[in-house]
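This report concerns only the one structure given below.
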Amino acid sequence: METKKTICKPKVFNEVYEEHSKSLYNFMYYKCGDRDLAEDMVQESFVKLWENCAKVFFSKAKSFLFTVANNMFLNHVAHKKIVLKHASEGQKNYTHETPEYLIEEQEFLKKLKGAIADLPDKQREVFLLNRIDKKKYKEIAEMLGISVKAVEKRMSLALKSLRAKIGSNFK
């Protein structure tokens, strides 16, 4: 007859609380990593259980509590994602650069990408490994199975070619 035991009686409700509150708290804490949030969700779950005590059988109380708490957590995560999305969309990218400067910068980057793409494969490989991946000449030499001198030569030729296409201020 335990299935018919009603949770609407304070003594029975307290029994459910004593039996499940600690494990529900641990479950929520492990999910969210925030003690206060876990405590709030546990309390809210028990409030919902009390509000629905006539509909929930004693034997189903644990399942009800864990389901309610888990759903609260999922709603919390979904809400956080929406807040973050709006916050990131709301940020304006203001710059103090003039439109002319920005256009020149875009043109330069386009020119640079084209010049890098036009480099011979071996020079482009060394240039990108050094300048983009921040590899040292010795590391590049080991990766490619060539001498450090060969890496230096390829880099020198790449820089010479880029200077010729882009301008002398390229280092």
Any side-chain heavy-atom pair of [X] and [Y] under 4.5 Å:
X: Ser45; Y: Phe64; result: no
X: Val68; Y: Leu49; result: no
X: Ile166; Y: Leu112; result: yes
X: Glu15; Y: Lys5; result: yes
X: His76; Y: Met72; result: no
X: Leu65; Y: Val16; result: yes

In terms of hydrophobic clustering (I, L, V, M, F, W, Y; side-chain heavy atoms under 4.5 Å; direct or indirect links), are [X] and [Y] co-clustered?
X: Val47; Y: Trp50; answer: no
X: Ile103; Y: Leu109; answer: no
X: Met28; Y: Tyr30; answer: yes
X: Ile116; Y: Ile132; answer: yes

Rounded to the nearest 0.5 Å, what separates atom [atom1] in [X] from atom [atom2] in [Y]?
X: Met143; Y: Asp133; atom1: CE; atom2: CG; result: 7.0 Å
X: Met41; Y: Phe27; atom1: CE; atom2: CZ; result: 11.0 Å
X: Tyr137; Y: Met155; atom1: OH; atom2: CE; result: 4.0 Å
X: Thr67; Y: Lys48; atom1: OG1; atom2: NZ; result: 13.5 Å
X: Ser147; Y: Lys153; atom1: OG; atom2: NZ; result: 11.5 Å
X: Lys62; Y: His20; atom1: NZ; atom2: NE2; result: 6.5 Å

Any sub-3.5 Å donor-acceptor pair from [X]'s side-chain atoms to [Y]'s backbone N or O?
X: Ser161; Y: Leu157; result: no
X: Lys134; Y: Arg131; result: yes
X: Asn14; Y: Pro10; result: no
X: Arg124; Y: Asp118; result: no
X: Asp34; Y: Leu37; result: yes
X: Arg154; Y: Val126; result: no

Problem - Inter- and intrachain pairs under disulfide bond (SG atoms under 2.5 Å apart), touching residues 10-64, at least two apart - result: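 Those involving residues 10-64 are Cys8-Cys53.
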Scan Glu152, Glu125, Lys135 and name whichever one has a side-chain contact (heavy atoms from CB on, under 4.5 Å) with Ile140.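 When side-chain contact (heavy atoms from CB on, under 4.5 Å) is applied between Ile140 and each of Glu152, Glu125, Lys135, only Lys135 qualifies.
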message = Assess the residue pair Leu162 and Phe127 against the criterion (side chain to side chain contact (heavy atoms under 4.5 Å, CB included)); give the C-alpha distance rounded to whole Å, side-chain angles, the decisive distance to 0.1 Å, and a yes or no.
response = CA-CA 10 Å; Leu162 292 173; Phe127 177 81; 3.5 Å; yes
Next on the checklist: Does Tyr17, at its OH atom, have more than 12 non-hydrogen atoms belonging to other residues, nucleotides or ligands within less than 6.0 Å?
Outcome noted: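 For Tyr17, atom OH is not crowded (no more than 12 foreign heavy atoms under 6.0 Å).
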On the 0 to 90° scale, with breaks at 30° and 60°, tag the Phe46-Phe13 ring pair as parallel, tilted or perpendicular.
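Aromatic pair Phe46/Phe13 classed perpendicular.
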From CA spacing to verdict: side-chain hydrogen bond (donor to acceptor under 3.5 Å, both in side chains), Asn70, Lys31: CA-CA 9 Å; Asn70 192 49; Lys31 282 185 91 66; 3.1 Å; yes
Take Asn26 and Tyr29 through the test side chain to side chain contact (heavy atoms under 4.5 Å, CB included) and record every step on the way to the result. CA-CA 5 Å; Asn26 288 341; Tyr29 177 66; 5.5 Å; no
**OP:** Tell me, with the steps shown, if Arg35 and Tyr25 meet side chain to side chain contact (heavy atoms under 4.5 Å, CB included).
**Re:** CA-CA 9 Å; Arg35 293 180 190 278; Tyr25 170 80; 3.4 Å; yes
